[in-house]
Amino acid sequence: MRRLFKKTPSNSYIKIETKGTKAQPEVPQGMWRKCNKCSAPIFSEDVKTGNYICPKCGGYFRVHARRRIEMLADGGSFEEWDEGLPVSNPLGLSGYPKKLSELREKTGLDEAVITGKMSMDGHETAVGVMDGRFIMGSMGKNVGEKIAGATERATALGLPLILFCCSGGARMQEGIVSLMQMAKTAAALKRHSDAGLLFISVLTDPTTGGVTASFAMLGDVILAEPGALIGFAGPRVIEQTIGQKLPEGFQRAEFLVEHGFVDAILPREKSREMLTRLLAFHEKADGRMEPEGRSCMQEAFKTKDGGLLEKADGQNGSGGEEIISAWERVKRSRKQGRLTGLDYIQEIFTDFTELHGDRAYGDDKAIVGGIAYFHGRPVTVIAQQKGRNTRENIERNFSMPSPEGYRKALRLMREAEKFGRPVFCFMDTPGAFCGMEAEERGQGEAIARNLFELSALKVPVLSVVIGEGGSGGALALAVADEVWMMENAVYSVLSPEGFASILWKDSKRADEAAEVMKITAKDLKDLGIVERVIPEAVPVGKKNAREICENLEVGFEEFLARYGKLSGEELTAHRYERFRNI
């Protein structure tokens, strides 16, 4: 016997009589519904218990605002703000108040957004959730008023703010007054940001028009649900304007990550976990958090002058010393299997959360960065990342950053300054990418801007050369309070091959050039370019990663103990003098 279903106005299904059989009892209305993506009929209860995700194809249903709050908030913690604002009808449209009244009755909402305060795992936050059922989540005066009001209250209370965006854009029924809400909400968020408070923007399907061009894209962290449509102009408008069919996936969340506008995809089933983690990272502490106490390992490495013992791999137990050429150091710095930036991050830090994109053009995989904990203290970590094999190297562009990579790094450092997080950088690049497209996007300006901004960053900055430190491409992450080098790293104005080609017209004399250039860790410490050389066993790799990283951890503790007590002004003055004296 075939089952037939009839679609109801609410997009659910009821069972109807099948041909040639006696009438059957009807399935209760609302028990079944159709997936918007795969068109499969599915149990409504399966959708509700499955985070409103289709169990057949994984497609996302839109979530009502109050239901989303229930999914995220600690039980009983939500307190609603600004309920029942008076109707606004700036254009005097005759049918508009009636339409609003009907929508209020149908949806149980008074506007296209609900705002208030809640907690997640005890972390308190202001929140706003938009609801597409109310005139497509469009932004009129009351939506702008509720979001601006929630932002102002969050600022006064010292709370972070999370906004779930779902909107078709400005509300046409309110004309120019709707447009002004873009400026109003942005101005309120600027004050919230200037107070050093966190704003997380979560983009859901769809987020378009004036909402995209205002508060939705102003988050310190911007997340997007999988497959969400995100853009200023809608796809139909773009196609009609340019007369072309848009490519598959254009303006979807994944497209936005790839093009540098979104930090990460937020799977709905992990929303509470990820948002709670971000709130914990940014929770205000009473005063500066001091690093953990000195470890016994730190005492073992400590010398009489308070520094860390630096024993080179070329020294033997009898006091003799093996001479290792500069060219051999170059080859070791480039050796496949050497620890990469991500290796150091994974060994030294915990709960690393990678953030993507420069918010202007793209996400450069040659530079990775994000937030993590170092011995319980939130920090920002940034690394130039080489691949572990040919495929990864191609994906990472052989660790040669493009302008968007440097702009991503600068964005993360500015956020670190806003939230008082120390910055740790790991440099490993043969140099900045010198392709035509890098020049078109302003490679020189991007590097120069990093040097300019980092010189005055008001949080401690430590940079470590872990492999190749190639020219300005490395220096863009090395305007720091201190610069350290791994024992077999190199740091130079140009590669030895390039140096030999320019001076002697013969790149085959690279080994000779390496000796002349003074590019080894020992040479650079003698010149006062770097403060510390970190010993490393040979061969360096995964097998001895823990030993090497334990040595670094000791140094990091010491660095934070020394620089973590300085004010922002003292840090920038010290950094200025450091480079002024070279």
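Worth knowing before you read on, the calculation uses all heavy atoms, side chains too, and leaves out hydrogens, waters and symmetry mates.
For the pair Ile367/Ile382, a side-chain contact is recorded, criterion being any heavy-atom separation below 4.5 Å from C-beta on. Contact of the Val368 side chain with the Arg396 side chain is registered, since non-hydrogen atoms from C-beta on lie closer than 4.5 Å. Met274 places a side-chain heavy atom less than 4.5 Å from the side chain of Leu223. Between Trp484 and Ile466, every side-chain heavy-atom pair lies at or beyond the 4.5 Å cut-off. Using a 4.5 Å cut-off on side-chain heavy atoms (C-beta onward), Leu571 and Pro460 make contact. Leu462 places none of its side-chain heavy atoms less than 4.5 Å from the side chain of Val423. Put simply, the side chain of Pro235 does not reach to within 4.5 Å of the side chain of Phe250, judged on heavy atoms. Between Glu531 and Lys525 there is no side-chain heavy-atom pair separated by less than 4.5 Å.
Under the 3.5 Å distance criterion, the side-chain polar atoms of Glu152 are left unmatched by any main-chain donor or acceptor of Ile147. In this structure, the side chain of Ser333 does not engage the main chain of Asn488 through any donor-acceptor pair within 3.5 Å. A donor-acceptor contact shorter than 3.5 Å is absent between the side chain of Ser402 and the backbone of Gly405. No donor-acceptor pair under 3.5 Å is formed between the side chain of Arg332 and the backbone N or O of Ala489. Between the side chain of Thr204 and the backbone N or O of Cys165, at least one donor-acceptor pair lies under 3.5 Å. Judged by distance alone, with hydrogens and angles left aside, the side-chain atoms of Ser193 form no donor-acceptor pair with the main-chain N or O of Lys190 at under 3.5 Å. When atom types are taken as modelled, the side chain of Glu515 and the backbone of Ala326 share a donor-acceptor pair closer than 3.5 angstrom. Side-chain atoms of Glu468 never come within 3.5 Å of backbone atoms of Tyr491 as a donor-acceptor pair (strictly under, hydrogens ignored). Of the possible donor and acceptor atoms, one in the side chain of Ser201 sits under 3.5 Å from a partner among the backbone N and O of Ala216. No donor-acceptor distance shorter than 3.5 angstrom exists from the side chain of Arg329 to the backbone of Thr520, with no hydrogens or angles considered.
For the residue pair Lys458/Thr572, the side-chain donor-acceptor check at 3.5 Å is not satisfied. Defined by atom type and a distance below 3.5 Å, a donor-acceptor pair is missing between the side-chain atoms of Arg191 and Thr155. For Asp343 and Thr340, the side-chain atoms include at least one donor-acceptor pair closer than 3.5 Å. In the model, Tyr406 has no side-chain atom that pairs as donor or acceptor with a side-chain atom of Gln443 under 3.5 Å.
Taking a cutoff of 4.0 Å between a charged side-chain nitrogen and a carboxylate oxygen, Arg338 and Asp428 do not qualify as a salt bridge. The existence of a salt bridge linking Glu225 and Lys270 is excluded, since no basic side-chain nitrogen approaches an acidic carboxylate oxygen closer than 4.0 Å.
Shown here for His356 and Lys408, the closest heavy-atom pair between the two residues is C-CD, 4.1 Å. Taking each heavy atom of Val257 and Ile265 in turn, the nearest pair found is CG2-CD1, 3.8 Å. In terms of heavy atoms, Ala188 sits closest to Thr151 at O-CG2, 3.4 Å. Residues Thr185 and Ala148 approach most closely at CG2-N, 4.4 Å, considering heavy atoms. Across all their heavy atoms, Leu477 and Ala409 have their closest contact at CD2-CB, 3.7 Å. In this structure, Ile222 and Val262 approach most closely via the heavy-atom pair O-CG1, 3.4 Å.
Lys518 NZ: 12 or fewer foreign heavy atoms inside a 6.0 Å radius. More than 12 heavy-atom neighbours from other residues, nucleotides or ligands sit within 6.0 angstrom of CZ on Phe579. Annotation for Lys365: atom NZ does not count as buried by contact number, only 12 or fewer foreign heavy atoms lying within 6.0 Å. For CD of Glu248, the number of neighbouring non-hydrogen atoms (other residues, nucleotides, ligands) closer than 6.0 Å is 12 at most. In the displayed structure, Lys335 atom NZ is contacted under 6.0 Å by at most 12 heavy atoms of other residues, nucleotides or ligands. Atom CZ of Phe398 has more than 12 neighbouring heavy atoms from other residues, nucleotides or ligands inside a 6.0 Å radius.
Relative orientation of the Phe374 and Phe424 rings is tilted, given thresholds of 30° and 60° on the angle between their planes.
Applying salt bridge (Lys or Arg N to Asp or Glu O under 4.0 Å) to Asp481 and the options Arg532, Arg575, Arg562, Arg578 leaves one that passes, Arg575.
For the atom pair NE2 of His574 and CG of Leu566, the computed distance is 8.0 Å after rounding to the nearest 0.5 Å. Expressed to the nearest 0.5 Å, how far CG of Leu503 lies from CG of Leu494 amounts to 9.5 Å. For the atom pair CG of Leu410 and CZ of Arg414, the computed distance is 4.0 Å after rounding to the nearest 0.5 Å. Atoms CD1 and OG1, on Ile162 and Thr125 in that order, are 4.0 Å from each other to the nearest 0.5 Å. Rounding to the nearest 0.5 angstrom, the gap separating the OG1 atom in Thr207 from the CE atom in Met130 is 8.0 Å. From Ile371, atom CD1 reaches atom CG of Leu278 across 5.5 Å, with rounding to the nearest 0.5 Å.
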>> Please determine whether side chain to side chain contact (heavy atoms under 4.5 Å, CB included) holds for the pair Met486 and Val465, giving the CA-CA distance in whole Å, both sets of side-chain angles, and the decisive distance to 0.1 Å.
In response: CA-CA 6 Å; Met486 302 305 298; Val465 186; over 6 Å; no
>> Please evaluate residues Phe349 and Tyr373 with respect to the criterion ring-ring contact (aromatic ring centres under 6.0 Å, His included), reporting the C-alpha separation (whole Å), side-chain torsions for both, the decisive distance (0.1 Å), and the verdict.
In response: CA-CA 6 Å; Phe349 304 95; Tyr373 290 108; over 10 Å; no
> Hey, mind stepping through Lys418 and Asp220 against salt bridge (charged side-chain N to carboxylate O under 4.0 Å, His left out) and telling me if it holds?
Replying inline: CA-CA 10 Å; Lys418 173 180 174 179; Asp220 297 299; 2.8 Å; yes
> Leu229 and Arg252: side chain to side chain contact (heavy atoms under 4.5 Å, CB included), yes or no, with the steps?
Replying inline: CA-CA 5 Å; Leu229 175 66; Arg252 295 293 169 178; 3.4 Å; yes
> When you look at Leu279 and Met120, which way does the side chain to side chain contact (heavy atoms under 4.5 Å, CB included) test go after all the steps?
Replying inline: CA-CA 9 Å; Leu279 291 176; Met120 291 191 291; 3.6 Å; yes
> Between Ser495 and Arg334, is a side chain to side chain contact (heavy atoms under 4.5 Å, CB included) present by the stated rule, with each step listed?
Replying inline: CA-CA 12 Å; Ser495 70; Arg334 298 171 175 175; 4.1 Å; yes
> Would Arg441 and Tyr361 count as a side chain to side chain donor-acceptor pair (under 3.5 Å) if you check the C-alpha gap in whole Å, the side-chain angles of each, and the deciding distance to 0.1 Å?
Replying inline: CA-CA 9 Å; Arg441 298 197 293 271; Tyr361 177 81; 3.3 Å; yes
> Could you walk me through whether Arg407 and Glu445 pass the salt bridge (charged side-chain N to carboxylate O under 4.0 Å, His left out) check?
Replying inline: CA-CA 10 Å; Arg407 290 170 180 140; Glu445 191 280 337; 3.0 Å; yes
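The cationic group of Arg449 lies under 6.0 Å from the six-membered ring centre of Phe452 and within 45° of the ring axis, placing it in a cation-pi geometry.
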